[in-house]
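The structure presented is a predicted model; accordingly, all values stated were derived computationally and were not measured.
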Amino acid sequence: MTGRSSQDWRKLTLGVVGLGLIGGSVCLGAAGFRGASRFGSIIGFDADPQARAQAVELGLVERCAPSVPELVQEADIIMLAVPVKAMGQVLRACIELGEQPFAGKIVSDVGSVKASVRACFEAALGGMPASVVLGHPIAGSEKSGVFAGRADLFVNHKVILTPLENTDVDAVAQISALWTLLGADVLEMTVEHHDRVLASTSHLPHLIAFSLVDTLAVQDDSLDIFRYAAGGFRDFTRIAGSDPVMWHDIFLENKTAVLESLELFSKDLQRLRTAIESGDSEQLLGVFTRAKAARDHFGTMLANKPYRQKMTSRELKFVAGPATQLSGAIRVPGDKSISHRSIMLGALAEGLTTVEGFLEGEDALATIQAFRDMGVVIEGPEAGSVKVHGVGLHGLKAAPGPLYLGNSGTSMRLLSGLLAAQQFDSVLTGDESLSKRPMKRVIDPLGEMNALVESENDGRPPLKISGKRPINAIHYDLPVASAQVKSAVLLAGLYADGETSVHEPAPIRDHTERMLRGFGCEVLTEGPVCRLRGGQKLTACHIDVPADISSAAFFMVAASIAADADVTLKHVGVNPTRTGIIEILRLMGADLQVSNEATVGGEPVADIRVRSSRLKGINIPPALVPLAIDEFPVLFIAACCAEGKTVLTGAEELRVKESDRIQVMADGLLELGFASKVTSDGIEIEGRGATSDPVFQSGSVDSHGDHRIAMAFSVAAIRAGGPVTIHRCANVATSFPDFPGIAANIGMQIDITDAEL
Ligand code: S3P
């Protein structure tokens with residue numbers, strides 16, 4: 001019941017039993033932050049007569065009832081904020097009101113162990129009344145008592161409600177609305193689930209903190225220990241200052257679940273002890289890097305950032321402004337394709353692979369997480385450095401659950417090939433966009449290799465991959481020009497007896513082949529065919545990841561279309577299978593100069609200087625399409641700013657990327673007053689370069705959660721008449737974290753807002 005108005009609350013009396021920290025804070029929160037009560041009346045009761053008097057004096061309640069039954073009679077909503085141990089007594093006292101003391105009332109509680117509160121109700125009243133909604137606010141402080149109450153104690157804290165099957169839905173809605181009024185986020189789960197979750201996340205940490213402080217406190221030199229205790233000790237043991245009696249009760253009441261998590265923890269602690277004893281660095285680093293990753297992930301989850309399970313309740317919005325002058329030299333983040341492959345091949349290699357310039361974007365992080373889940377120790381990323389402790393071709397272990405790959409098509413397709421050849425089964429899942437993307441293109445060739453990759457969703461994720469199947473070498477004629485499919489086949493081919501070969505219908509990126517060679521594998525390329533013998537060992541190496549040409553592309557177009565621009569993009573990967581963007585822009589008349597050419601780890605790199613130019617429309621040669629496949633969203637913006645017509649054909653693949661990039665771009669352009677003609681495999685854009693400035697109207701576009709669409713429209717804003725608002729930009733972090741920050745370095749202005757959806 002979210003729609004309750006303040007008028008509704010004012011007709012009600014709130015009764016709070018127990019006026020300590022939690023109960024007192026409920027009273028203060030319900031009274032409203034400026035003391036103007038949101039309720040008709042707030043009354044209280046506490047077993048301690050002194051607390052009752054103080055509560056009135058402090059203004060927590062208007063008055064106190066002389067007994068619990070009298071409070072129950074008067075109140076409409078009753079909050080039982082008493083320790084779980086006292087609950088039985090409170091409920092028994094209510095029996096004097098009759099068999100159904102809570103008839104017509106709505107009742108809730110705040111106890112930390114829900115099964116024992118439920119048992120108290122059952123014992124006292126013979127069952128759970130439908131109007132009782134058990135709950136637990138995950139908020140507190142080490143302080144207790146009437147004086148500890150705070151009106152904002154629950155603001156932005158979780159409250160878990162644990163309704164039973166017979167609980168009245170309206171009662172749940174009312175209690176939920178009450179907690180929302182106090183500023184809390186309300187969620188629901190079963191009693192059993194609540195008690196298990198809390199045993200691990202709250203009860204066990206308290207037990208460990210109490211125990212550690214006690215262990216150190218009774219040592220002879222305890223004074224010194226505490227005097228010199230580092231910040232870590234203080235942070236870690238803060239919760240040992242909590243109320244001993246309350247925690248004593250909690251451990252005994254949630255005995256089964258607490259013992260279960262204590263058992264797990266004790267085993268893991270014992271394993272760490274053995275690892276330290278035997279100097280097992282792999283085991284230690286494995287635990288610590290996994291824990292760090294999990295803790296960081298937890299941090300991003302709490303900050304509502306999109307890593308792993310995406311937070312759908314928030315959206316990032318970009319507001320990009322027009323610009324005339326762009327200048328400076330920037331290095332964009334590392335290449336996404338190469339970053340993914342550095343982790344995959346590093347994990348399968350023998351020895352320690354070191355990576356520099358790694359892209360710390362969500363997609364590549366998803367690949368890291370997947371390999372950590374499969375037991376690979378990966379240190380970092382730390383300022384672009386990653387260390388992968390390779391486990392060898394046969395060293396991966398089954399992940400404890402499905403591998404979640406976020407938005408990353410590359411992770412899913414390449415991992416399909418690799419996992420099809422393992423001795424264990426795997427499940428691959430992804431976010432909403434990835435779950436719509438076609439996977440039959442890898443399922444089919446892998447099937448020909450005797451692998452079993454299944455989708456229950458018409459060839460779309462989740463994918464179930466069966467292990468323990470011998471992989472056959474094949475020759476595969478790629479029906480689509482896809483580097484991801486080629487790579488999936490080659491990775492599976494590493495495990496086959498004999499030679500696997502792949503024919504590509506048009507040149508496509510060859511990072512997998514180049515990197516395999518870097519790891520000491522023999523991969524032969526003869527024209528459109530590449531070949532790989534199975535069973536070859538990979539030897540760890542160093543990988544220097546160049547800046548991603550796909551990210552640099554946004555600034556190539558930005559500098560080309562801005563009135564006065566001179567921008568240099570440093571250390572960009574210019575592998576000839578990726579330079580379609582440079583060739584297409586040059587055909588359009590762009591001023592691009594390539595210098596400082598070098599080769600790092602088998603990949604060519606160069607600096608690219610871009611200056612303003614008068615672009616002209618062209619027919620994009622179909623042969624260049626696969627070589628610029630990720631750059632079309634921003635190329636469409638270039639076409640709009642060119643003189644004359646640009647025609648793209650043979651690009652139907654764009655319809656199955658992170659979004660339907662042809663339609664979504666055309667829709668966004670229209671929102672900015674620019675009509676284009678969509679065709680089945682491309683688009684026709686009549687450029688306005690010569691006739692109109694600004695080229696675009698100010699307006700609002702939906703990126704459909706597609707990173708490259710969001711960045712393309714940020715570039716369009718350069719030539720817009722006013723700000724361009726771009727919705728659903730959180731996924732920009734998949735390939736280009738801090739895009740607005742780096743864009744600002746050359747003079748583009750992109751403001752970010754983090755809004756509720
Ligand atoms: C990629 C290949 C391309 C590209 C994607 C990354 C890769 O996809 O669009 O962003 O890393 O192999 P396709 O191979 O499906 O064309």
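Between Phe736 and Phe739, the ring-plane angle classifies as perpendicular under the 30° and 60° cut-offs.
Side-chain N or O atoms of Thr599 include none that pairs as donor or acceptor with a backbone N or O of Gly602 at under 3.5 Å. A donor-acceptor pair under 3.5 Å links the side-chain atoms of Ser408 to the main chain of Ser411, judged by distance alone. Not a single donor-acceptor pair under 3.5 Å links the side chain of Arg661 to the backbone N or O of Pro633. With Ser703 contributing its side chain and Ile709 its backbone, the two residues share no donor-acceptor pair below 3.5 Å. At distances below 3.5 Å, at least one donor-acceptor pair connects side-chain atoms of Ser339 with backbone N or O atoms of Leu359. The backbone N or O of Leu365 sits nowhere less than 3.5 Å from a side-chain atom of Glu360 that would complete a donor-acceptor pair.
Counting heavy atoms from C-beta on, the side chains of Val732 and Leu316 never come closer than 4.5 Å. Residues Leu396 and Leu418 are in side-chain contact: their nearest non-hydrogen atoms beyond the backbone lie under 4.5 Å apart. At a threshold of 4.5 Å between non-hydrogen side-chain atoms, the residues Ile637 and Met665 count as touching. With a 4.5 Å cut-off on side-chain heavy atoms, Val388 and Phe371 do not count as touching. Using a 4.5 Å cut-off on side-chain heavy atoms (C-beta onward), Val625 and Phe632 make contact. Ile378 places none of its side-chain heavy atoms less than 4.5 Å from the side chain of His389. Residues Val453 and Lys464 are not in side-chain contact: their nearest non-hydrogen atoms beyond the backbone lie 4.5 Å or more apart. Side-chain atoms of His503 and Leu478, non-hydrogen and from C-beta on, never get closer than 4.5 Å to each other.
Residue Leu415 forms a side chain to side chain contact (heavy atoms under 4.5 Å, CB included) with just one option from Thr410, Leu405, Val442, Leu491, and that option is Leu405.
In summary, Arg578 and Asp548 engage in a salt bridge, as defined by a charged side-chain N under 4.0 Å from a carboxylate O. A salt bridge links Arg437 to Glu658: one of the charged nitrogens lies within less than 4.0 Å of a carboxylate oxygen. A salt bridge links Lys486 and Glu513; the closest N-O separation between the charged side-chain nitrogens and carboxylate oxygens is under 4.0 Å. Salt bridge absent: Arg533 and Glu499 never bring a charged side-chain N and a carboxylate O closer than 4.0 Å. By the 4.0 Å N-to-carboxylate-O rule, Lys336 lies close enough to Asp363 to be salt-bridged with it. Using a 4.0 Å cut-off between charged nitrogen and carboxylate oxygen, Asp706 and Lys657 do not count as a salt-bridge pair. Under the 4.0 Å criterion applied to side-chain N and carboxylate O atoms, Lys292 and Glu379 are not assigned as salt-bridge partners. Ion pairing between Lys537 and Glu350 holds under the 4.0 Å rule for side-chain N and carboxylate O.
Judged purely by distance below 3.5 Å, without hydrogens or angles, the side chains of Arg341 and Ser487 pair a donor atom with an acceptor atom. Using modelled atom types and a 3.5 Å distance limit, the side chains of Arg509 and Ser337 yield a donor-acceptor pair.
Of all the heavy atoms in Met556 and Ile549, the pair that sits closest is CE-CG1, 3.9 Å. When every heavy atom of Pro546 is checked against every heavy atom of Ile338, the shortest pair comes out as CD-CD1, 3.8 Å. In plain terms, the two heavy atoms of Pro333 and Ile742 that are nearest each other are CD-CD1, 4.2 Å.
Here OG1 of Thr500 is found 8.5 Å from CG of Leu494. Values are rounded to the nearest 0.5 Å.
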Start with the C-alpha gap between Arg517 and Thr525, add the side-chain angles, then the distance that decides, and say whether side-chain hydrogen bond (donor to acceptor under 3.5 Å, both in side chains) holds.
-> CA-CA 11 Å; Arg517 289 186 197 112; Thr525 305; 2.8 Å; yes
Verdict with supporting geometry, Gln422 and His394, side-chain hydrogen bond (donor to acceptor under 3.5 Å, both in side chains) = CA-CA 7 Å; Gln422 303 301 321; His394 301 284; 5.8 Å; no
When you look at Glu631 and Arg708, which way does the salt bridge (charged side-chain N to carboxylate O under 4.0 Å, His left out) test go after all the steps?
-> CA-CA 8 Å; Glu631 285 65 80; Arg708 301 205 195 276; 5.1 Å; no
Verdict with reasoning, Asn457 to Ser455, per side-chain hydrogen bond (donor to acceptor under 3.5 Å, both in side chains) = CA-CA 5 Å; Asn457 188 17; Ser455 151; 5.7 Å; no
Show your reasoning for whether side-chain hydrogen bond (donor to acceptor under 3.5 Å, both in side chains) applies to Asn731 and His707.
-> CA-CA 5 Å; Asn731 280 341; His707 53 139; over 6 Å; no
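In terms of the side-chain contact (heavy atoms from CB on, under 4.5 Å) criterion, residue partners of Lys570 (sequence neighbours excluded) are, by chain and number, Ala329, Arg331, Thr568, Asp607.
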